> 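Please find one structure pasted underneath; my questions will follow.
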There are 2 protein chains.
Amino acid sequence: MILTKTTEYAVRVLIFMAHEERGLFTARYVHERLRIPYKYLTRIMTDLAKQGYLESIRGRAGGFRFQKNLNKITLIKIIEAVEATDGFDKCILGLEDCSDENPCALHFVWEKTKKEFMKNLSNTTLADLVSIEIKKF
Amino acid sequence: MILTKTTEYAVRVLIFMAHEERGLFTARYVHERLRIPYKYLTRIMTDLAKQGYLESIRGRAGGFRFQKNLNKITLIKIIEAVEATDGFDKCILGLEDCSDENPCALHFVWEKTKKEFMKNLSNTTLADLVSIEIKKF
DNA sequence: CATAAATACTACACAAAAGTAGTATTTTTA
DNA sequence: TAAAAATACTACTTTTGTGTAGTATTTATG
Ligand code: SF4
Ligand code: SF4
């Protein structure tokens with residue numbers, strides 16, 4: 001859980017692209033490096049392009065590249081762009097009328113962690129992640 | 001996300017049972033109070049019984065009750081008991097050979113939050129949750 | 001002993017996510 | 001201008017989680 005496979009792929013692709021200096025990334029190249037199912041991958045990348053994160057160039061010398069600055073793309077934005085479910089702010093129990101005054105039994109166990117998690121996702125941009133030395137994607 | 005529906009139900013049922021003083025809980029009663037699909041619920045409760053969390057009494061005056069002390073049942077145990085996936089310790093990206101020395105790009109974003117979350121789930125028992133005043137389950 | 005009311009079991013139906021297949025379209029290049 | 005190589009689109013298949021249906025088994029009680 002935590003993330004759907006689709007979201008996981010999207011995040012991995014973008015982080016990979018952010019790390020590697022390269023003008024254009026073809027889906028085939030990303031597929032070969034990340035071993036994400038090719039057709040599935042193209043759908044995700046096309047989707048990211050439609051949502052303004054990537055620019056897609058069609059035709060023989062085509063491919064994908066970033067459309068926005070890396071420091072403008074936060075993790076939470078990526079997640080929300082591809083996650084099918086209605087917003088990632090979903091709770092551990094999906095109950096109604098939630099607040100500190102009307103909590104479910106898990107509210108105080110979960111709320112703090114959730115806030116921290118969401119804060120991390122909101123504050124971390126792809127630019128932040130580039131500085132980390134990574135050997136796997 | 002976060003938890004599957006099945007796990008959510010299991011957690012809600014046990015928290016509900018922990019809060020209400022009552023010798024025996026029939027599945028029908030829990031169903032009426034928590035509006036969890038009846039047949040689905042019986043499967044989950046039967047499952048929890050097989051795994052040693054609940055005791056099941058069959059026959060006309062039957063039902064379920066706790067088999068262990070409430071302070072012996074942690075949230076993480078409940079989750080692991082019913083979650084289909086192989087262990088809830090799953091990561092945000094499901095990569096191989098993970099460590100601080102061989103991290104993926106999200107490792108340092110996720111690891112801290114995850115540890116905190118897991119610690120909460122591991123340390124919180126149903127007994128801890130009983131003390132909280134709850135109006136919804 | 002028969003009925004009622006509970007859990008236990010098995011098989012199927014439905015829905016959403018994940019993955020696959022085939023084709024259309026665009027653009028470079030020989 | 002035709003072939004090659006890329007993205008775009010549409011539809012289908014598979015898998016998994018969720019939910020439903022029907023029946024068997026157990027046990028209290030009239
Ligand atoms: S943890 Fe808080 S926000 Fe989530 S369902 Fe419970 S009360 Fe609502
Ligand atoms: S966050 Fe850490 S544990 Fe998770 S996949 Fe990345 S390296 Fe592995």
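Since the model is a prediction, treat every value here as computed from it, not as a measurement. Each chain gets a letter, A, B and so on, in the order its sequence line appears, and its residues count up from 1.
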> Look at A:Glu111 together with A:Lys115 and state whether they make a salt bridge at an N to O cut-off of under 4.0 Å.
yes

> Side-chain N or O of A:Thr6 versus OP1/OP2 of C:dA18: is the shortest distance under 4.0 Å?
yes

> Could you work out which one of D:dA24, C:dA21, D:dT23 sits closest to the side chain of A:Lys39?
C:dA21

> Give the nucleotide from the list C:dT28, C:dA8, C:dG19 with an atom nearest to the side chain of A:Ala61.
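The answer is C:dT28, which lies nearest to the side chain.
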
> On DNA chain C, does the nearest nucleotide to A:Ile57 precede the nearest nucleotide to B:Ala27 from the 5' side, or the other way round? Give the residue.
B:Ala27

> Rounded off to whole Å, could you give me the CZ-to-P distance for the B:Arg12 and D:dT18 pair?
13 Å

> Side chain of A:Thr46, heavy atoms from C-beta onward: which of D:dT20, D:dA8, D:dT7 has the nearest atom to it?
D:dA8

> How is B:Ser56 classified with respect to the nucleic acid when contacts are heavy atoms under 4.0 Å: base, sugar-phosphate, or nothing?
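The answer is sugar-phosphate, as B:Ser56 gets under 4.0 Å only of primed atoms, P, OP1 or OP2.
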
> Does OP1 or OP2 of C:dT7 have a side-chain N or O of B:Tyr38 closer than 4.0 Å?
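Checking B:Tyr38 against C:dT7: at least one side-chain N or O falls below 4.0 Å of OP1 or OP2.
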
> In whole Å, what is the span from the CZ atom of B:Arg43 to the P atom of C:dA11?
13 Å

> Looking only at side-chain atoms of A:Arg60, point me to the closest of D:dT20, D:dA28, D:dA3.
D:dA3

> Is atom NZ of A:Lys77 surrounded by more than 12 heavy atoms (other residues, nucleotides or ligands) closer than 6.0 Å?
no

> Categorize B:Tyr9 for me: base, sugar-phosphate, or nothing, with a 4.0 angstrom heavy-atom threshold over every strand shown.
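Contact class for B:Tyr9: sugar-phosphate only.
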
> Base of D:dT25, side chain of B:Arg58 - is there a donor-acceptor contact under 3.5 Å?
yes

> Using a 6.0 Å distance limit plus a 45 degree cone around the ring axis, check whether B:Arg33 lies over the aromatic ring of B:Phe25.
no

> Whole Å only: how far is the CD1 atom of A:Ile44 from the C1' atom of C:dA17?
11 Å

> Within this structure, what is the CD1-to-P distance between B:Ile36 and D:dG17, rounded to whole angstrom?
18 Å

> Roughly, in whole Å, what's the span from CE in A:Met45 to P in D:dA6?
13 Å

> Looking only at the side chain of A:Lys50 (C-beta and beyond, no hydrogens), which of the listed nucleotides D:dC9, C:dA18, D:dG19 gets closest?
D:dC9

> What I want to find out is whether A:Glu116 reaches A:Lys119 closely enough, with some N-O distance under 4.0 Å, to be called a salt bridge.
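No, A:Glu116 and A:Lys119 are not salt-bridged.
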
> I'd like to know whether NZ of A:Lys112 has more than 12 heavy-atom contacts from other residues, nucleotides or ligands below 6.0 angstrom.
no

> How close or far is atom P of C:dT27 from atom CD of A:Glu55, stated in whole angstroms?
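To the nearest whole Å, that distance equals 12 Å.
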
> A:Leu41 CG to D:dT7 C1': how many Å, rounded?
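Between C1' of D:dT7 and CG of A:Leu41: 12 Å.
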
> Within the 4.0 Å heavy-atom criterion, would you say A:Ala49 contacts the bases, only the backbone, or no part of the nucleic acid?
nothing

> Using only side-chain N and O atoms of A:Tyr40, determine if any of them is under 4.0 Å from OP1 or OP2 of D:dT14.
no

> Could you please name the option among C:dT7, D:dT7, C:dA18 that lies closest to any side-chain atom of A:Thr26?
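Closest nucleotide to the A:Thr26 side chain: D:dT7.
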
> Expressed in angstrom and rounded to an integer, what is the separation of B:Leu24 atom CG from C:dA5 atom P?
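Roughly 16 Å, once rounded to whole Å.
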
> Mind checking B:Phe64 for me? I need base, sugar-phosphate or nothing, with any heavy atom below 4.0 Å counting as a touch.
sugar-phosphate

> Using distance alone, with no hydrogens and no angle criterion, decide if A:Asn102 and A:Ser99 have a side-chain donor and acceptor under 3.5 Å apart.
no

